[in-house]
Amino acid sequence: MQTSLTLREFSDVLRFTGRPWPLQRALYGAVAPLARLRGYHACSPVTGWKPAQRAELEELPPEVERQLIARQRAGVQPRV
């Protein structure tokens, strides 16, 4: 049950590879409300760990920023 809440909380960065993703979403989506009713949390209140509310990003080095601006002006699409 803990896993269902953790997976839903961190679905943007965490995927389990044992089952297909749509099946995991359906399965854990059905179990998550039951887990909350039983008092489970995505982040353990015992350890006091919570996900960061805000991430501080460092500035890009000037040469990288210049290259990105040049690529945008040239119409080059970023690689994903």
Side-chain angles (χ1 to χ4, degrees):
M1 287 194 172
Q2 177 74 47
T3 304
S4 67
L5 293 175
T6 302
L7 182 69
R8 289 175 61 94
E9 177 73 24
F10 299 103
S11 64
D12 57 336
V13 293
L14 176 68
R15 297 262 171 106
F16 298 126
T17 59
R19 295 182 181 95
W21 177 238
L23 177 62
Q24 288 182 46
R25 288 183 60 191
L27 189 72
Y28 292 133
V31 174
L34 298 172
R36 277 191 221 95
L37 285 173
R38 297 206 51 199
Y40 288 93
H41 301 277
C43 299
S44 176
V46 173
T47 61
W49 186 86
K50 295 180 182 176
Q53 297 298 318
R54 180 177 170 191
E56 295 293 330
L57 301 176
E58 60 187 55
E59 292 185 27
L60 290 173
E63 62 274 4
V64 174
E65 189 173 7
R66 283 194 300 274
Q67 289 176 0
L68 287 173
I69 291 170
R71 286 173 168 248
Q72 287 175 343
R73 288 183 182 157
V76 176
Q77 295 295 321
R79 289 179 275 178
V80 179

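The first residue of the sequence shown is numbered 1, and numbering continues consecutively from there.
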- Item | Contacts of type side chain to side chain contact (heavy atoms under 4.5 Å, CB included), residue Arg73, not counting sequence neighbours | Ile69

- Query: Which distance, rounded to the nearest 0.5 Å, do you find between the CZ of Arg38 and the CG of Leu5?
  - Reply: 12.0 Å

- Kindly write out the residues that satisfy side chain to side chain contact (heavy atoms under 4.5 Å, CB included) with Pro61, not counting sequence neighbours, or none if the list is empty. Glu63, Val64

Side-chain donor-acceptor pairs under 3.5 Å in residues 18-31, sequence neighbours left out?
from  : atom 1 : to    : atom 2 : distance (Å)
Gln24 : NE2    : Phe16 : O      : 2.5
Gln24 : NE2    : Arg19 : O      : 2.7

